[in-house]
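Small disclaimer: the values here were computed from a predicted structure and weren't measured. When reading the values below, keep in mind they use all heavy atoms of this one structure, side chains included, and skip hydrogens, waters and symmetry mates. Residues take their numbers from the sequence shown, with the count starting at 1.
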Amino acid sequence: MTPSVRIPDDLLAAILAHAVEAFPAECCGYLSATELIRCRNAQADGEHPTHPERSEETGFVIAGRELFEFARSFQSERPPVAVYHSHTNGRADFSQVDRINAVARSARGASEPVYPVQHLVVGVTADGPTEVAIFAWSDDEEDFVEVARFDARC
């Protein structure tokens, strides 16, 4: 099984704070091994290419200049290791829509991740964060699988 990326306590605390601040909207962003980059949830603008009918309370999308910077950062000395977002229903699961947006078909027809990152999902409610789960790509499953989960209640 693929090990979970290591997320320093201060970066995890910043992700949880972002989820609380954004609530009732979903938050989103990405992190390198040492830096957190908060992004604007462009879902509110209807910019989601596959699910424009969703609201910022039920979906997220990193778009425009922030998406360009994210993609460009893979060429840097500290490339992204994870994308994060929150689910405002309190559950830290990797939904079917999350999977659709994170997986592509290769030229040979196999599934593969769109970006070489893990995905961290924060379950959050009006009372605060509830749980965190991290999902990594599995070549065997041709899908993202859960590699870590923990309670995030303050």
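Distance SG/Cys27 to NE2/His87: 10.0 Å, rounded to 0.5 Å. With rounding to the nearest 0.5 Å, the separation of CG in Asp143 from CZ in Arg99 is 4.5 Å. For the atom pair NE2 (His85) and OG (Ser95), the distance works out to 6.0 Å, reported to the nearest 0.5 Å.
Using bins of under 30°, 30° to 60° and over 60° for the plane-to-plane angle, the ring pair Phe70/Tyr115 lands in the perpendicular bin.
Each of Leu12, Leu16, Ile15, Asp151 was evaluated against Pro129; a single residue qualifies, Leu16, per the side-chain contact (heavy atoms from CB on, under 4.5 Å) test.
Of all the heavy atoms in Gly128 and Val20, the pair that sits closest is CA-CG2, 4.2 Å. Between Ile62 and Cys28, the closest heavy-atom pair is CG1-SG, 3.8 Å. Residues Arg38 and Glu21 approach most closely at NH1-OE1, 2.8 Å, considering heavy atoms. For Pro80 against Val117, the heavy-atom pair with the smallest separation is O-CG1, 3.7 Å. Shown here for Thr88 and Ala25, the closest heavy-atom pair between the two residues is CG2-O, 3.6 Å. Between Gln43 and Val61, the shortest heavy-atom contact is N-CG1, 3.4 Å.
A donor-acceptor pair is defined here as one N or O able to donate and one able to accept, closer than 3.5 Å; such a pair exists between the side chain of Ser32 and the backbone of Thr34. In this structure, the side chain of Glu131 engages the main chain of Ala92 through a donor-acceptor pair within 3.5 Å. Between the side chain of Glu26 and the backbone N or O of Asn41, no donor-acceptor pair lies under 3.5 Å. Between the side chain of Ser73 and the main chain of Ser76, no donor-acceptor pair closer than 3.5 Å is present. Remark: side-chain polar atoms of Thr125 are not paired, donor with acceptor, to backbone N or O of Gly90 under 3.5 angstrom. Within the 3.5 Å criterion, the main-chain N or O of Val5 finds a donor-acceptor partner in the side chain of Gln118. The main-chain N or O of Val147 is never found under 3.5 Å from a side-chain atom of Ser4 such that the two would form a donor-acceptor pair.
Leu36 and Val81 fall within a single hydrophobic cluster, where Ile, Leu, Val, Met, Phe, Trp and Tyr side chains are chained together by heavy-atom contacts under 4.5 Å. Hydrophobic cluster membership differs between Phe150 and Phe144, with clusters built from Ile, Leu, Val, Met, Phe, Trp and Tyr side chains linked at under 4.5 angstrom. Under a hydrophobic clustering in which Ile, Leu, Val, Met, Phe, Trp and Tyr are joined whenever their side-chain heavy atoms come within less than 4.5 Å, directly or via other members, Val132 and Val121 fall into different clusters. Tracing side-chain contacts under 4.5 Å through hydrophobic residues (I, L, V, M, F, W, Y), one reaches Leu120 starting from Val145; they form part of the same cluster.
A 6.0 Å sphere centred on CD of Glu141 holds no more than 12 heavy atoms belonging to other residues, nucleotides or ligands. More than 12 heavy atoms of other residues, nucleotides or ligands lie within 6.0 Å of CZ in Phe74, so this atom counts as buried by the packing criterion. Few gaps surround CG on Asp10; more than 12 heavy atoms of other groups in view lie less than 6.0 Å from it.
Partners of Val114 by side chain to side chain contact (heavy atoms under 4.5 Å, CB included), not counting sequence neighbours, listed by chain and number: Ala104. Partners of Arg78 under the side chain to side chain donor-acceptor pair (under 3.5 Å) rule, at least two apart in sequence or in another chain, do not exist in this structure.
Between Tyr84 and Leu11, every side-chain heavy-atom pair lies at or beyond the 4.5 Å cut-off. The side-chain heavy atoms of Tyr30 and Glu66, taken from C-beta on, include no pair separated by under 4.5 Å. His18 places none of its side-chain heavy atoms less than 4.5 Å from the side chain of Val122. Within the 4.5 Å cutoff, no side-chain heavy atoms of His119 are placed close to those of Trp137. Ile134 has its side chain within reach of Ile7: a pair of non-hydrogen atoms, C-beta onward, lies under 4.5 Å apart.
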